[in-house]
Amino acid sequence: MVITITACVQNPGSTTSPASVAQVLVSKDRDDFVTTDPALVSSNGDANVEQNVMDSLVRLKPGTNEVVPGLAETWDLTPDGLTYMFHLRKGVKWQKGFGDFTANDVVFSFNRIIDPKTASRYRNDFAPVKAVEAIDAYTVRITLKNRYPGFIGAVLTFRSGYIAKKEALEKFGTDYGRNAVGTGPFMLDSVTPGVGWTLVQNPEYWGPKPALQRIEYKLIKDEDVAVLALQKGELDVAYFEGPEAQVKVRGLKNVVILDRPMPRVYFTYINLQRPPFDNVKVRQALAWAINKQALVDHVFLGQGSVAQSMIPPGFIGHSDEAPYGYDLEKAKQLLAEAGYPGGFPGRTFQFVAIDVAPSPDILQVMQADWAKIGVQTKLEVLDIATLNARRMANTYDLLMIPFLRAESAQLIGPLLHSRSIPYENIEGYRGADDLIMRTESEVDSKKRSDLYLELNRVIQRDLPVIPLVYPIQVLAFKPSVKGAAIGLLNLPLWQMSVGAP
Amino acid sequence: MISRFLLGRFAQSIVTLIVAVTLIFLVVKLTPGDPVLVILQDHFQKETYDALAARLGLDQPLPVQFVRYVTNLLHGDFGTSFTSGQDVLRVVLEQFPYTFQLAIAAICVAIAIGVPAGLISAVCRNTWADYITMVTALISVCMPGFWLAILLLLVFSIQLGWTPIVGAGDPKDPASLLIHLVLPAFALGARTAALIARITRAAVLEVLHQDYVRTARAKGLAEAVILRRHVLRTALIPMLTVVGLEMGHVLGGSAIIEIVFSRPGIGRILVDALVARDYPQLQGALLFLTCLILIVNLVVDVLYSVADPRIRLA
């Protein structure tokens, strides 16, 4: 999603900093902004508005993975790691006259996601939760079924963790998306479907008043067009995910660039249920045959780094250990040891990926790499619906996808624990269940980190997945924009302002 | 005569609509991909999947879904979008004005360029003017619309700074709407202009050799008068057919132009709904466009019969 903030001059006598108008130029997703309903948010457009209009119990400090207070001033965790007690801020007002924020709002919001009738895609995130209860008007108790130290970072700071107001959902119904009600620093002012939407400052916000008075978003689906718009001055700030656009925007004059690793890893699933990929030596051969640096240099145009771990940099458990390099002879030797000297002549494996750039280019590079060791692949680039259907039907050998999550626990467990068979772990890996459970339940950060390192080694040994690249995210903005930062999964507009050019 | 003609065409349109409703329903439903999985992506348990499928009505057999679909249509209910939860018709009607503006502007551009170009080409047959016009028309037909759109953006919006890059303009400001329409309309209308130019050239050439035109010249009428009063009126009749046919292309082809210029519109709704397998939205938008094209063709037929008495009496 590309967001632009432009300046509007306030009243001459005002003591506030100049207000700005932000415009969203590019939406990386297919979707326009639709809703801030935490049970239903899906696109980047939804998430960016949600983060500025709504609030969560806790949030991530911009630019870091550190959890800081939000609607909860403090919280406690019992020694057994099973019960959180959140002590809520008092005096927080819902927007548009919907009264005071209380514990009942939290209970409603989370239980609604847990309710199967809501059919929320985030219900799985709350699977570890046993109960959400209001102890009093400003205290919420969340009881877990098992210890899950990643719960706060994984669930409560991300999309489903934002709190919704029951009365607002009931009043507006299917129109809630255009009448979003939160407790955040901004309010949704207007929505023009297919064009853009506007946020204005929330005068009753409980926290420090943002400098920005007004933010206008423009919906721009094409990042190249967004680069042009930034160049022409129709945008003040824009966020870029695609490597080509990132390179182009770096070449613009009079534009400031910030970048940081994205909480995303591009990796290849290997379908362990389809021979010969049930043979670990075959999988290891595939890993040795991929020139990951070429992917970074030529597909990502330098806008990324080689990945050896499923956990991106900045997350607990990230490892730089690199047991695999680019060695075709080693790959051929492993294939021979597996009983396939010369590879698989006359045989073609199905290699699928989503049709969003740069996935098709990644596939082509890997196809060429694997052909050198006698592994021929047939590439199929599919839209998301068809890709999901293929996954469910389990009719492929290899699958390359990008994966984005807020916390390490969400990156490994859902993909590689056997509990996710036959859904997210369709490929059927069962080799690290115990270790995964221990990483999810260890409350001591150092021990948890050590467990993740051990888990990394197991995954690298068994290779149910081959991590490929960590992409980066780029924020480009005019020099007049101050306080710009890239959050883990957000753009903290509430700390931005516009100064003199 | 006209009434019987119109009634006949109207009846044909109804039959076409019925077939279209059925085909749209089947083609959309039979497209590979599961909308429930698109919504849930990789976050789901079977319980959630089943609940969502039931809520969206996708757990019913196809014939049951079809009957419900048709029954709702007869009550004016196009359904609720899987993605946004909004009423499908409301979403389409909100964005239709943008597509309508673009389509009309593109057709106007096409006629404004195509007719004079075809006329010049025919009158100056086998001269440099003719050759240049026809080669330009050929290039325009072959040029991908999105390529032309990006080229126009680079030249007129970036290099020259004459036009904005994104958006549809302020709906309350006609000047803003117009300036935002110029490049998209040209990009979308270029191909149609080329077709009109070629059709007009062929039609004018045919008419120029008719006896009545020779008679008009023999009577001493000025060439300009002959062209305007006797030639163009006849030669433009085939152009009506082209406009009617091209309206479908313009409406459907608006999607890529809307994406390049970041304009809202039905084309974008169609693409987004297809990717998301948002069946109601996709069916609703397709049906709306179908009705629109049927109406346009009906109007073209009426205008055709007004312009050419031979059609009326046939």
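Quantities reported herein were computed from a predicted structural model and do not represent experimental measurements.
For chain B, the option among G173(A), S420(A), G194(A) with the highest count of heavy-atom pairs below 4.5 Å is G194(A). The choice from L40(A), L228(A), L387(A) that makes the most heavy-atom pairs within less than 4.5 Å of chain B is L228(A).
Of the atoms belonging to R390(A), not a single heavy atom falls under 4.5 Å from chain B. Contacts of P164(B) with chain A are made by both backbone and side-chain atoms, with heavy-atom separations under 4.5 Å. Using a 4.5 Å cut-off between heavy atoms, D175(A) touches chain B through backbone and side chain atoms alike. Of the two parts of I269(B), neither the backbone nor the side chain holds a non-hydrogen atom closer than 4.5 Å to a non-hydrogen atom of chain A. Of the two parts of T35(A), neither the backbone nor the side chain holds a non-hydrogen atom closer than 4.5 Å to a non-hydrogen atom of chain B.
With T118(A) contributing its side chain and R112(A) its backbone, the two residues share a donor-acceptor pair below 3.5 Å.
Ion pair D46(A)/R159(A) not flagged as a salt bridge, since none of the NZ, NE, NH1 or NH2 atoms sits closer than 4.0 Å to an Asp/Glu carboxylate oxygen. Between K248(A) and E223(A) no salt bridge is recorded (no basic side-chain N to carboxylate O distance below 4.0 Å). Under a 4.0 Å N-O distance rule, the pair D272(B)/K221(A) qualifies as a salt bridge.
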Please step through side-chain contact (heavy atoms from CB on, under 4.5 Å) for the pair T163(B) and L152(B), ending with a clear verdict.
CA-CA 10 Å; T163(B) 49; L152(B) 291 172; over 6 Å; no
